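The structure appears right after this line, and notes come after that.
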Amino acid sequence: MPTRAITIDGRAWRVFPSGFVTQYDQDEYGLIFVNGTGDGREVRVTRYSPVGTRSREQSLAEMADEDLRRLFESSQPSATSPEAGYAR
């Protein structure tokens with residue numbers, strides 16, 4: 001699974017495709033942003049519709065850092081997301 005790394009407000013985040021399939025199947029994908037490790041890690045989740053490439057992995061690889069930042073700004077905490085198992 002491809003991974004991206006991005007720094008937002010001085011914090012390093014790893015970004016992964018969630019693999020969660022919605023009713024929109026190939027039109028909407030989830031992304032998981034992870035900061036830290038172990039019990040202290042913070043997880044945020046968002047969904048997006050790729051432009052151009054329809055592969056989850058390829059669309060993440062082709063996405064500009066600015067687009068990732070914009071998606072991060074609209075992300076939600078893991079406790080409110082099925083992709084992250086509603087974990088706190």
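The basis for the numbers below is simple: all heavy atoms, side chains too, and nothing from hydrogens, waters or symmetry mates. Numbering starts at 1 and runs along the sequence shown. Owing to the predicted nature of the structure, the values given are computational and were not obtained by experimental measurement.
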What's the verdict on side-chain contact (heavy atoms from CB on, under 4.5 Å) for R69 and I8, showing C-alpha distance, side-chain angles and the deciding distance? CA-CA 7 Å; R69 281 187 188 85; I8 300 172; 4.2 Å; yes

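- Side-chain contact between Y29 and S18: absent, with no pair of heavy atoms (C-beta onward) separated by less than 4.5 Å.
- No side-chain donor-acceptor contact under 3.5 Å links R47 to the backbone of L31.
- Every residue meeting the ring-ring contact (aromatic ring centres under 6.0 Å, His included) condition with F72, not counting sequence neighbours, appears here in chain and number order: W13, F33.
- Looking at R41, its side chain never comes within 3.5 Å of a backbone N or O of N35 through a donor-acceptor pair.
- A donor-acceptor contact closer than 3.5 angstrom links the side chains of Y48 and S59.
- Residues L68 and R4 meet the side-chain proximity criterion, which asks for heavy atoms closer than 4.5 Å.
- With a 4.5 Å cut-off on side-chain heavy atoms, I32 and V15 do not count as touching.
- Considering only heavy atoms from C-beta on, T3 stays 4.5 Å or farther from L60 through its side chain.
- Screening residues 5-20 for salt bridge (Lys or Arg N to Asp or Glu O under 4.0 Å), with sequence neighbours left out, gives R11-E42.
- Note: R70 CZ to D65 CG = 11.5 Å, rounded to the nearest 0.5 Å.
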